Amino acid sequence: MNNYQELTKKQLSFFNSGKTKDVAFRIETLKKLRELVVRHEDDILKAVKADLNKPEIEAKRAEVGLVLSEIDFAVKNLAEWAAPKEVETPSTHAGAKSYIYQDPYGLALVIAPWNYPFQLAVSPVVGAIAAGNCVVLKPSELTPHTSSLLAKMFNENFPEEYLTVVEGEVETSTALLKENFDYIFFTGSTMVGKIVAEAAAKHLTPVTLELGGKSPTIVHEDANIEEAAKRIARGKFANAGQTCVAPDYILVQRNVKDELLANLKQVVTNTYGEDVSQNLDFPHVVSEKHFDRLNSFLTNGDIVFGGKTDRSRLFIEPTVLDNISWEDNVMQDEIFGPILPVIVYDEISEVIEAIVKRPKPLALYLFSEDEAVQDRILNSVSFGGGSINDTINHMTSHYLPFGGVGDSGMGAYHGKASFDTFSHAKSILKRSNK
Ligand code: NAD
């Protein structure tokens with residue numbers, strides 16, 4: 001028996017003890033996790049700084065704050081979510097009553113990426129705990145400081161038969177995926193998502209796949225261009241563009257392009273300074289491999305502003321590229337860096353036609369005040385989720401399930417959706433013999 005077989009055997013035995021079914025125990029675990037996150041806040045900020053040069057203010061909000069608010073929301077609502085619900089019974093079943101019980105799946109495997117290495121590892125675990133599962137968490141090897149901190153936080157404070165972190169590279173993931181988990185929650189690339197889905201199919205294990213893709217950002221002529229520029233720049237250049245829902249490219253109506261580009265330049269200067277290469281707080285890209293891939297895009301189209309790079313510190317300046325065509329390399333796959341290509345359109349129908357023939361995006365953003373244009377886009381394009389007149393903020397609401405569709409993933413989480421994701425809805429008909 002290998003280590004992972006032994007680990008899953010131990011977890012199965014713990015799960016079957018019924019301890020995690022106790023809602024009070026789950027709440028106690030979530031509170032303990034909260035206390036650990038608060039106690040280790042400085043360590044978390046240091047780890048993501050060391051891994052990605054993530055600035056403290058951004059890390060406090062996007063790594064620590066989002067996890068704490070997920071925990072708080074789950075603690076507040078868990079008793080209600082977990083209670084069996086009586087539903088209607090058809091007249092053909094007269095005399096019976098119908099209920100839905102929320103059952104934990106059992107053993108959950110969570111595989112995390114590197115771009116928000118703390119938040120994207122711990123948020124799904126919050127849902128798994130709330131729903132009453134045991135968890136094995138595999139963080140990304142590309143952010144080693146955060147990975148080892150996660151291992152320390154979990155493995156020194158929870159029994160491995162309940163919650164444990166297994167660190168490692170692709171081989172570790174591959175080995176874990178051979179085990180018979182009851183649920184797999186994967187966040188990462190579409191390519192690896194397919195590998196995970198294939199491995200899960202061998203055990204018929206249900207999966208949530210939180211993947212990526214090219215998220216279009218449409219700026220229509222009637223948009224408030226100044227606000228649009230601010231909101232696009234904030235969503236795109238935070239974390240140096242390494243955000244799964246970052247605007248990947250802009251589609252702008254021809255007559256407002258110049259105004260948009262001028263505003264984008266102004267916002268970037270106001271936010272990061274005249275020369276971003278001197279701003280030591282701007283995050284770097286994760287690895288030399290990613291740096292080289294991104295650097296190669298800088299020859300596409302014409303640079304409107306930005307374009308400076310420094311491989312020795314994995315720095316790429318926020319860059320906007322004009323005169324881009326759909327055939328350019330930068331338009332083939334998700335960019336995942338601080339480079340923003342711009343394509344112009346004349347009619348909104350061109351936008352729809354171009355997007356629907358490509359893989360379904362994780363997010364879509366539309367800047368327009370015109371409700372007819374908004375409805376047209378919402379009714380004709382399939383994508384995971386998005387915002388009108390904003391970027392990325394849809395993913396931080398507890399009330400909006402977050403996930404992709406098609407190539408950008410399957411399933412959703414956040415808030416109650418996290419609890420539902422890690423729970424099986426067990427339908428029960430109760431008949432009486434009286
Ligand atoms: P990745 O797919 O390379 O890696 C993710 C995880 O999978 C890591 O833990 C890694 O060790 C593991 N892994 C890598 N190769 C594997 C293999 N062959 N078999 C099994 N496991 C393997 O993704 P990444 O580079 O860490 O993250 C970037 C991607 O993730 C982008 O596409 C981004 O859009 C996407 N992403 C999506 C979301 C979302 O919520 N939808 C969030 C963040 C990132």
Side-chain angles (χ1 to χ4, degrees), residues 4 51-52 62-63 66 70 109-125 127 136-144 146-147 150-151 165-179 181 184-200 202 207-215 235-236 238-248 285-287 289-291 293-294 332-337 359-364 383-386 392 394-396 400-414 417-418 421:
Y4 302 137
D51 285 330
L52 293 161
E63 300 280 2
L66 288 180
E70 274 291 308
L109 172 64
V110 174
I111 301 178
W114 52 263
N115 59 330
Y116 288 82
F118 188 79
Q119 188 243 124
L120 292 175
V122 182
S123 284
V125 173
V136 174
L137 165 63
K138 209 296 281 170
S140 172
E141 69 282 14
L142 294 184
T143 37
T146 312
S147 175
L150 283 164
V165 169
V166 172
E167 290 190 272
E169 307 198 359
V170 176
E171 304 73 56
T172 307
S173 240
T174 308
L176 283 167
L177 285 167
K178 291 208 169 91
E179 298 307 314
F181 283 92
I184 298 175
F185 189 104
F186 171 81
T187 307
S189 60
T190 301
M191 189 191 80
V192 179
K194 289 178 185 172
I195 296 172
V196 170
E198 213 175 312
K202 298 223 164 72
V207 290
T208 292
L209 301 176
E210 295 285 346
L211 311 178
K214 289 185 88 60
S215 299
K236 176 69 182 186
N239 209 29
Q242 301 167 113
T243 303
C244 56
V245 287
D248 187 272
V285 303
V286 72
S287 66
K289 189 172 144 219
H290 283 263
F291 176 92
R293 188 180 59 82
L294 291 166
Q332 303 317 307
D333 291 309
E334 181 182 11
I335 298 169
F336 223 54
K360 295 180 179 180
L362 179 60
L364 180 146
F383 53 94
I392 75 174
H394 65 291
M395 76 166 285
T396 57
L400 292 174
F402 173 71
V405 58
D407 275 35
S408 57
M410 59 179 78
Y413 75 132
H414 290 174
S418 291
T421 284

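The figures that follow rest on heavy atoms only: side chains count, while hydrogens, waters and symmetry mates do not. As the structure is a prediction and not an experimental result, all values here were calculated from the model. Atoms within each ligand, like the ligands themselves, are counted from 1 in listed order.
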remark   = Ranked by distance from atom 41 (N) of ligand 1, the top protein heavy atom is Leu211 O, 2.7 Å
request  = Kindly indicate, with the supporting measurements, whether the criterion side-chain contact (heavy atoms from CB on, under 4.5 Å) is fulfilled by Lys214 and Ile335.
outcome  = CA-CA 7 Å; Lys214 289 185 88 60; Ile335 298 169; 3.6 Å; yes
query = Taking only heavy atoms of Gly212, which atoms of ligand 1 are found under 4.0 Å from at least one of them?
reply = 32 (O), 34 (O)
task = Search all heavy atoms of Ser408 against all heavy atoms of Pro361 and return the closest pair with its distance.
result = OG-O, 3.2 Å
inquiry  = Could you go through Leu120 and Trp114, starting from their C-alpha distance and side-chain angles, then the distance that decides it, and tell me whether this counts as side-chain contact (heavy atoms from CB on, under 4.5 Å)?
reply    = CA-CA 8 Å; Leu120 292 175; Trp114 52 263; over 6 Å; no
Heavy-atom closest pair, residues Ala200 and Ile184 = CB-CD1, 3.9 Å
inquiry  = Side chain, backbone, both or neither: which applies to Tyr116 and ligand 1 if a contact is any heavy-atom pair less than 4.0 Å apart?
reply    = neither
remark   = On a heavy-atom basis, the closest approach of Leu209 and Ala197 is CD1-CB, 4.2 Å
ask   = Considering only protein heavy atoms, which is closest to atom 28 (C) of ligand 1, and at what distance to one decimal place?
value = Phe336 CE2, 3.6 Å
query = Donor-acceptor pair, Glu63 side chain versus Phe118 backbone, under 3.5 Å?
reply = yes
note = Candidates Val192, Leu209, Ile335; heavy atom nearest atom 15 (N) of ligand 1 found on Val192
query = Under a 4.0 Å heavy-atom limit, does Ser408 contact ligand 1 with its side chain, its backbone, both, or neither?
reply = neither
task = Take atom 26 (O) of ligand 1 and look for protein heavy atoms under 4.0 Å from it; say yes if you find one, no if not.
result = yes
task = Run the numbers for me: atoms of ligand 1, each under 4.0 Å from some heavy atom of Trp114, listed by number.
result = 24 (P), 25 (O), 26 (O), 27 (O)
Nearest neighbour in protein (non-hydrogen) for atom 2 (O) of ligand 1 = Ser189 OG, 2.7 Å
inquiry  = Residue-level breakdown please: for Val196 versus ligand 1, do any non-hydrogen atoms fall below 4.0 Å on the side chain, on the backbone, on both, or on neither?
reply    = neither
For ligand 1, the portion of Met191 having any non-hydrogen atom under 4.0 Å away = neither
request  = Could you find the nearest protein heavy atom to atom 40 (O) of ligand 1 and give me its residue, atom name and distance?
outcome  = Phe402 CE2, 3.3 Å
note = Among Cys244, Ala121, Ser215, closest by heavy atom to atom 38 (C) of ligand 1 is Cys244
key: Contact atoms of ligand 1, heavy-atom distance to Leu120 under 4.0 Å   = 42 (C), 43 (C)
query = What protein heavy atom sits nearest atom 10 (C) of ligand 1, and how far off is it?
reply = Glu141 OE1, 3.6 Å
ask   = Side chain or backbone of Ile111 under 4.0 Å from ligand 1, or both, or neither, by non-hydrogen atoms?
value = side chain
ask   = Do side-chain atoms of Ser140 reach the backbone of Ala112 as a donor and acceptor pair under 3.5 angstrom?
value = no
query = When you check the side-chain N and O atoms of Asp51 and Thr146, is any donor under 3.5 Å from an acceptor?
reply = yes
query = What residues, two or more places apart in sequence or in another chain, satisfy ring pair (Phe, Tyr, Trp, His ring centres under 6.0 Å) together with Phe185?
reply = Tyr413, Phe422
ask   = Near Glu198 CD, under 6.0 Å, is it more than 12 heavy atoms from other residues, nucleotides or ligands?
value = no
ask   = Should you measure from each heavy atom of Asn115, which atoms of ligand 1 turn up under 4.0 Å away?
value = 43 (C), 44 (C)
ask   = Does ligand 1 have a heavy atom under 4.0 Å from the side chain of Thr190, from its backbone, from both, or from neither?
value = neither
task = Show the numbers, then the answer: is there a side-chain contact (heavy atoms from CB on, under 4.5 Å) between Val166 and Thr172?
result = CA-CA 8 Å; Val166 172; Thr172 307; 3.6 Å; yes
key: Any side-chain donor near an acceptor of the partner, Glu167 and Ser147, under 3.5 Å   = yes
inquiry  = I need the nearest protein heavy-atom contact for atom 5 (C) of ligand 1: residue, atom name and distance, please.
reply    = Thr187 O, 3.7 Å
inquiry  = How far is atom 34 (O) of ligand 1 from the closest protein heavy atom, and which atom is that?
reply    = Glu334 OE2, 2.5 Å
key: Region of Val245 engaging ligand 1 - heavy atom pairs below 4.0 Å   = neither
message = Could you work out, for atom 8 (C) of ligand 1, the closest of Ser173, Pro113, Ala112, Gly188 by heavy-atom distance?
response = Ala112
request  = Could you list the atoms of ligand 1 found under 4.0 angstrom from a heavy atom of Ser140?
outcome  = 9 (O)
request  = Write out the residue and atom name of the closest protein heavy atom to atom 17 (C) of ligand 1, then the distance separating them to 0.1 Å.
outcome  = Val170 CG1, 3.4 Å
inquiry  = With rounding to the nearest 0.5 angstrom, report the CG to CG distance, Leu176 to Leu109.
reply    = 5.5 Å
request  = Give the numbers and elements of all ligand 1 atoms closer than 4.0 Å to a heavy atom of Ile195.
outcome  = 18 (N), 19 (N)
remark   = Of all heavy-atom pairs linking Ser215 and Ala246, the shortest is CB-O, 3.6 Å
request  = Check whether any N or O atom of Lys138, backbone or side chain, sits under 3.5 Å from an N or O atom of ligand 1, and answer yes or no.
outcome  = yes
ask   = Between the side chains of Thr243 and Tyr116, is a donor N or O closer than 3.5 angstrom to an acceptor N or O?
value = yes
